[in-house]
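What follows is a set of notes on a single structure, which appears directly below.
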Amino acid sequence: MKKTISDLLAQEVFFRNMTKDQLDFIAGCATNVHYRDGEFIGLRGKLTTHFYLIRKGRVAFEVEAANRTVIIQTVAESDVIGWSWLQPPYTWRYDVRALDDVSAIAFDAKCVREKCEADPVFGFEMYKRFTRIVIERLEATREQLTDMYA
């Protein structure tokens, strides 16, 4: 039996303890996508139209510094990328590039924002989950910088 996007989300840590109705609600904004090794998923300063749940592959957050590309963090299967959809101006803060062939579930940011507005309980739940991601990414960046200058 083929699994629905809602079924796939139910298996992921990020969506753990969401109700079936909440999973179905957000699955209505989701599609399966694929990126090839080296392909950019997001570019710094460009509009963030989606956020992603990585199902297979690895993704790098990159910045240009001193005329070279620096990888700030690498994420992989079950990680969620793209939190810039939450607040205007809705632009990527880093370049985001596939390090392998990547399969992901893409969530239409406008659709999710509208659902968060329509259902404040769902919206608050999403903001709590994304706040955790922002904190984790900031901590990883701090650790990366500490290692670079140690």
Side-chain angles (χ1 to χ4, degrees), residues 1-63 71-147:
M1 176 182 229
K2 186 175 179 179
K3 290 186 177 184
T4 66
I5 288 180
S6 185
D7 294 333
L8 295 171
L9 299 179
Q11 299 172 351
E12 297 293 340
V13 171
F14 181 81
F15 296 97
R16 185 173 289 148
N17 298 323
M18 276 193 169
T19 68
K20 173 80 168 115
D21 287 343
Q22 288 174 324
L23 293 172
D24 290 343
F25 196 51
I26 195 167
C29 297
T31 57
N32 286 299
V33 295
H34 303 278
Y35 292 91
R36 289 192 203 119
D37 182 5
E39 189 174 354
F40 283 94
I41 297 168
L43 292 170
R44 185 177 183 275
K46 298 292 184 186
L47 185 65
T48 306
T49 58
H50 292 81
F51 68 90
Y52 303 85
L53 169 68
I54 305 301
R55 299 203 53 236
K56 184 184 114 198
R58 295 175 306 129
V59 173
F61 296 94
E62 303 174 338
V63 295
I71 294 177
I72 298 297
Q73 186 179 20
T74 302
V75 297
E77 185 177 315
S78 294
D79 284 318
V80 173
I81 62 169
W83 46 265
S84 299
W85 67 276
L86 288 167
Q87 294 291 324
Y90 309 123
T91 56
W92 288 98
R93 304 304 199 260
Y94 302 98
D95 290 336
V96 182
R97 185 173 51 89
L99 295 177
D100 309 300
D101 287 345
V102 169
S103 295
I105 297 174
F107 297 87
D108 180 281
K110 184 174 185 242
C111 177
V112 176
R113 280 193 303 271
E114 288 171 355
K115 289 188 178 209
C116 288
E117 293 277 336
D119 182 344
V121 172
F122 173 77
F124 183 60
E125 188 61 38
M126 289 298 291
Y127 272 76
K128 287 191 304 186
R129 290 165 191 262
F130 271 93
T131 300
R132 186 175 65 240
I133 289 173
V134 172
I135 291 167
E136 289 170 1
R137 299 280 156 72
L138 288 171
E139 181 64 21
T141 300
R142 185 192 65 75
E143 289 175 12
Q144 176 87 5
L145 290 171
T146 301
D147 288 346

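Because only heavy atoms are used, hydrogens play no part in the values below, and waters and symmetry mates are left out as well, while side chains stay in.
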What do the steps show when you test Phe61 against Val75 for side-chain contact (heavy atoms from CB on, under 4.5 Å), and what is the final call?
CA-CA 8 Å; Phe61 296 94; Val75 297; 3.7 Å; yes

Taking [atom1] in [X] as the centre, count heavy atoms belonging to other residues, nucleotides or ligands within less than 6.0 Å. Is the count above 12?
X	atom1	answer
Lys128	NZ	yes
Glu117	CD	no
Arg44	CZ	no

What distance separates [X] [atom1] from [Y] [atom2], expressed to the nearest 0.5 Å?
X	Y	atom1	atom2	value
Arg36	Asp101	CZ	CG	8.0 Å
Phe107	Cys29	CZ	SG	8.5 Å
Ile41	Tyr35	CD1	OH	6.0 Å
Asp79	Leu53	CG	CG	8.5 Å
Tyr94	Gln73	OH	CD	8.5 Å
Gln22	Phe15	CD	CZ	11.0 Å

[Y] side chain reached by [X] side chain, heavy atoms, under 4.5 Å:
X	Y	result
Phe122	Asp21	no
Val33	Thr31	yes
Arg93	Thr48	no
Ile54	Val59	yes
Met18	Met126	yes
Trp85	Arg113	yes

For a side-chain contact (heavy atoms from CB on, under 4.5 Å) check, start with the C-alpha distance between Lys56 and Val102, then their side-chain angles and the critical distance, and finish with the verdict.
CA-CA 5 Å; Lys56 184 184 114 198; Val102 169; over 6 Å; no

[X] side chain vs [Y] backbone, donor-acceptor pair below 3.5 Å:
X	Y	answer
Asp100	Arg58	yes
Tyr127	Leu86	yes
Ser84	Thr91	yes

Ionic contact status for Glu114 with Lys110, cut-off 4.0 Å:
yes

Whether Glu62 and Arg97 form a salt bridge (side-chain N of Lys/Arg under 4.0 Å from carboxylate O of Asp/Glu) is what I want to check.
yes

Compare every heavy atom of [Y] with every heavy atom of [X], then report the nearest pair and how far apart it is.
X	Y	answer
Ser6	Ala27	N-CB, 3.9 Å
Trp92	Leu43	CB-O, 3.3 Å
Ala30	Ile105	CB-CG2, 3.6 Å
Gly28	Cys111	O-SG, 4.4 Å

Does the side-chain contact (heavy atoms from CB on, under 4.5 Å) test come out yes or no for Asp108 and Thr49, once each step is laid out?
CA-CA 6 Å; Asp108 180 281; Thr49 58; 6.0 Å; no

Ring-face cation of Arg129 near Phe124 (centre distance under 6.0 Å, axis angle within 45°):
no

Dump the intermediate steps for salt bridge (Lys or Arg N to Asp or Glu O under 4.0 Å) on Lys115 and Asp119, then the final yes or no.
CA-CA 6 Å; Lys115 289 188 178 209; Asp119 182 344; over 6 Å; no

Ring centers of Phe130, Phe51 separated by less than 6.0 Å:
yes

